[in-house]
Amino acid sequence: MSTKLYDKFISQLELKGYAKRSIDAYVKSVRQLQRFCNKPLTRITAADLREYWLACKRQYGWSDATLRISYSGIKHFFSLTLVRHWKVLSEVRFRRHRTLPTVLGVTEVRRIIAGLPTLQSKVFYLTLYSLGLRLRECRTLSPGDIDSKRMVVHVRNGKGAKDRVIPLPAVTLRGLRAYYRTHKNPDWVFPALGHNNGRSAGSVKKPVSDTGVQGALRRTVKRLGIKKHVHPHVFRHSYATHLIEANVPILHVQKLMGHADIKSTMVYLHVTTRAERHSHEIVCAVIGGVFE
């Protein structure tokens, strides 16, 4: 019975257009609840939900962010799949804490990219920063997404299943061309390397993994002695902040970032310092010379 319910839940989420990552998180939330209650999903009650979330908060010390994911997944399941009209599903609230993002200075961005160990990792983080991409968006770029004639990059199926077009700095194009010449994979700009069953990077069918690019960054930041908590998304935060510092209109920054809500973009107003240069000059100043 549970398997059929999970399959039904997944199908309902897919039809509503949820991304695979969100679906996986929601299904995981329901499985965690079922393990806690140790009984079939159809026998779980509203009281069980209250007891579960209190235990997660008090005994297991879950953060509000983790609790919100759990709540969203479980609410969707009992609203869509089992159709329970319980007050607890509308009464429970877990606060959203607004924290300011970590942002790198322009010198730090340049230093990290220059310090990365391989051509692949250098070009990957050059692209991630200079286009303001999310990690998955950068990993899954295909050669056809790079329009060198119009000097733009087409980002497909971003967050919320939305596409967007981003200006392509000349220095980024030079880096992409230099790296692409080393593998010429028809499917991926950044193909997986290693563990290819003997195949070259030009013929692998998967893009580079999260762990591969994250590991290179982590080791480089440690070696350079940078104390900030630097992860791939920090480059996206830094890109948006540097654009605002360059006096790029916030509505344009929102469009480049692919934010559905202007509030998501406005958070960068709280971490900016004034700058007088144009956004394109900012990007080129940070990266210029790396691939000359």
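This structure is a prediction, so every number in the text was calculated from the model and none was measured.
Side-chain N or O atoms of Asn185 include one that pairs as donor or acceptor with a backbone N or O of Trp188 at under 3.5 Å. Counting only distance, with no hydrogens or angles, the side chain of Arg84 and the backbone of Leu82 share a donor-acceptor pair below 3.5 Å. Within the 3.5 Å criterion, the main-chain N or O of Leu168 finds no donor-acceptor partner in the side chain of Thr172.
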### Query
Going through the checks in order, is the side chain to side chain contact (heavy atoms under 4.5 Å, CB included) test met by Gln120 and Thr182?
CA-CA 9 Å; Gln120 184 200 56; Thr182 68; over 6 Å; no

### Task
Give the C-alpha distance, both sets of side-chain angles, the deciding distance and a yes or no for side chain to side chain donor-acceptor pair (under 3.5 Å) between Asp261 and Ser264.
CA-CA 6 Å; Asp261 191 335; Ser264 299; 5.6 Å; no

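One distance of note links OH of Tyr52 with CD of Gln34; it measures 11.0 Å at 0.5 Å rounding. Going from atom OH of Tyr18 over to atom CG of Leu13 covers 7.0 Å, rounded to the nearest 0.5 Å. Taken from CD1 in Ile244 to CD1 in Ile250, the straight-line distance is 4.5 Å, to the nearest 0.5 Å. Note that CG of Leu41 is 9.0 Å distant from SG of Cys37, once rounded to the nearest 0.5 Å. Between Arg134 atom CZ and Thr140 atom OG1 the span is 11.5 Å, to the nearest 0.5 Å. Between the CG atom of Leu217 and the OG atom of Ser121 there is a distance of 9.0 Å, given to the nearest 0.5 Å.
Under the 4.5 Å side-chain criterion, counting only non-hydrogen atoms from C-beta, Val267 is in contact with Pro101. Counting only heavy atoms from C-beta outward, the side chains of Arg110 and Thr107 never approach each other to under 4.5 Å. Using a 4.5 Å cut-off on side-chain heavy atoms (C-beta onward), Val109 and Arg111 make no contact. Using a 4.5 Å cut-off on side-chain heavy atoms (C-beta onward), Leu89 and Ser79 make contact. Side chains of Ile166 and His154 form no contact here, defined as non-hydrogen atoms less than 4.5 Å apart. Side-chain contact check for Lys205 versus Asp187: some heavy-atom pair is nearer than 4.5 Å. Side chains of Leu49 and Leu33 form a contact here, defined as non-hydrogen atoms less than 4.5 Å apart. Looking only at side-chain heavy atoms (C-beta outward), Ser130 and Val171 stay at 4.5 Å or farther from each other.
Val253 and Val155 end up in the same hydrophobic cluster when Ile, Leu, Val, Met, Phe, Trp and Tyr side chains are linked at under 4.5 Å. A continuous path of ILVMFWY side-chain contacts below 4.5 Å connects Val208 to Leu135, so both sit in one hydrophobic cluster. When the side chains of ILVMFWY residues are joined at heavy-atom separations under 4.5 Å, either directly or via intervening members, Leu141 and Met257 end up in a single hydrophobic cluster. Residues Val189 and Val213 share a single hydrophobic cluster, defined by chaining ILVMFWY side chains whose heavy atoms lie under 4.5 Å apart. Under the 4.5 Å side-chain heavy-atom criterion for grouping Ile, Leu, Val, Met, Phe, Trp and Tyr, Leu251 is connected to Tyr239 within one hydrophobic cluster.
Taking both residues in full, the closest heavy atoms of Thr265 and His259 are given as OG1-ND1, 2.7 Å, listed atom of the first, atom of the second, then distance. The heavy-atom pair separating Gly175 from Val123 by the smallest distance is O-CG2, 3.5 Å. Pairing each heavy atom of Gln12 with each of Thr81, the nearest pair is OE1-OG1, 2.6 Å. Closest heavy-atom contact between Leu116 and Ala216: CD2-O, 3.8 Å. Here the closest non-hydrogen pair linking Ser238 and Leu104 is OG-N, 2.9 Å. The shortest non-hydrogen separation linking Gly132 to Arg164 is O-NH2, 3.8 Å.
Taking the six-membered ring where tryptophan is involved, the planes of Tyr60 and Phe36 are perpendicular, since the angle between them exceeds 60° and thus also 30°.
For Asp210, the side-chain hydrogen bond (donor to acceptor under 3.5 Å, both in side chains) partners two or more places apart in sequence, or in a different chain, are Arg139. Partners of Ala46 according to the side chain to side chain contact (heavy atoms under 4.5 Å, CB included) rule, which considers only residues two or more places apart in sequence or in another chain, are Trp86, Val88. Ser90 is linked by a side-chain hydrogen bond (donor to acceptor under 3.5 Å, both in side chains) to nothing, counting only residues two or more places apart in sequence or in another chain. Take His183 and apply the ring-ring contact (aromatic ring centres under 6.0 Å, His included) test, not counting sequence neighbours, and it matches Tyr179, Tyr180. The side-chain hydrogen bond (donor to acceptor under 3.5 Å, both in side chains) check on Lys57 picks up Asp64, with sequence neighbours excluded. Here Arg150 pairs with Asp147 under the salt bridge (charged side-chain N to carboxylate O under 4.0 Å, His left out) rule; sequence neighbours left out. Gln214 meets the side-chain hydrogen bond (donor to acceptor under 3.5 Å, both in side chains) test with no other residue; sequence neighbours excluded.
Counting non-hydrogen atoms of neighbouring residues, nucleotides and ligands closer than 6.0 angstrom, the CE atom of Met266 reaches no more than 12 such neighbours. Residue Arg58 places its CZ atom among 12 or fewer non-hydrogen atoms of other residues, nucleotides or ligands, all under 6.0 Å distant.
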Throw together a table of side-chain donor-acceptor distances under 3.5 angstrom for residues 224-233, partners on residues two or more places apart or in other chains.
unit_1	atom_1	unit_2	atom_2	d
Lys228	NZ	Val103	O	2.8
Lys228	NZ	Glu108	OE1	2.9
His231	ND1	His233	N	3.4

Identify each donor-acceptor pair in which a side-chain atom of residues 19-31 lies under 3.5 Å from a protein atom, sequence neighbours left out, and give them as a table.
unit_1	atom_1	unit_2	atom_2	d
Lys20	NZ	Asp24	OD2	2.8
Ser29	OG	Ala25	O	3.0

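Applying the salt bridge (charged side-chain N to carboxylate O under 4.0 Å, His left out) test to residues at least two apart or on different chains, the pairs with a partner in residues 39-50 are Lys39-Asp48, Arg50-Glu91. Pairs passing the ring pair (Phe, Tyr, Trp, His ring centres under 6.0 Å) check and including a residue from residues 102-127, sequence neighbours excluded, read Phe124-Phe190, Tyr125-Phe235.
Taking Ile, Leu, Val, Met, Phe, Trp and Tyr as members and joining any whose side-chain heavy atoms lie under 4.5 Å apart, directly or through other members, the hydrophobic cluster of Val165 also contains Val152.
Side-chain atoms of Ser70 and Trp53 include a donor-acceptor pair closer than 3.5 Å.
Remark: aromatic rings of His76 and Phe9 are distant, center separation not under 6.0 Å.
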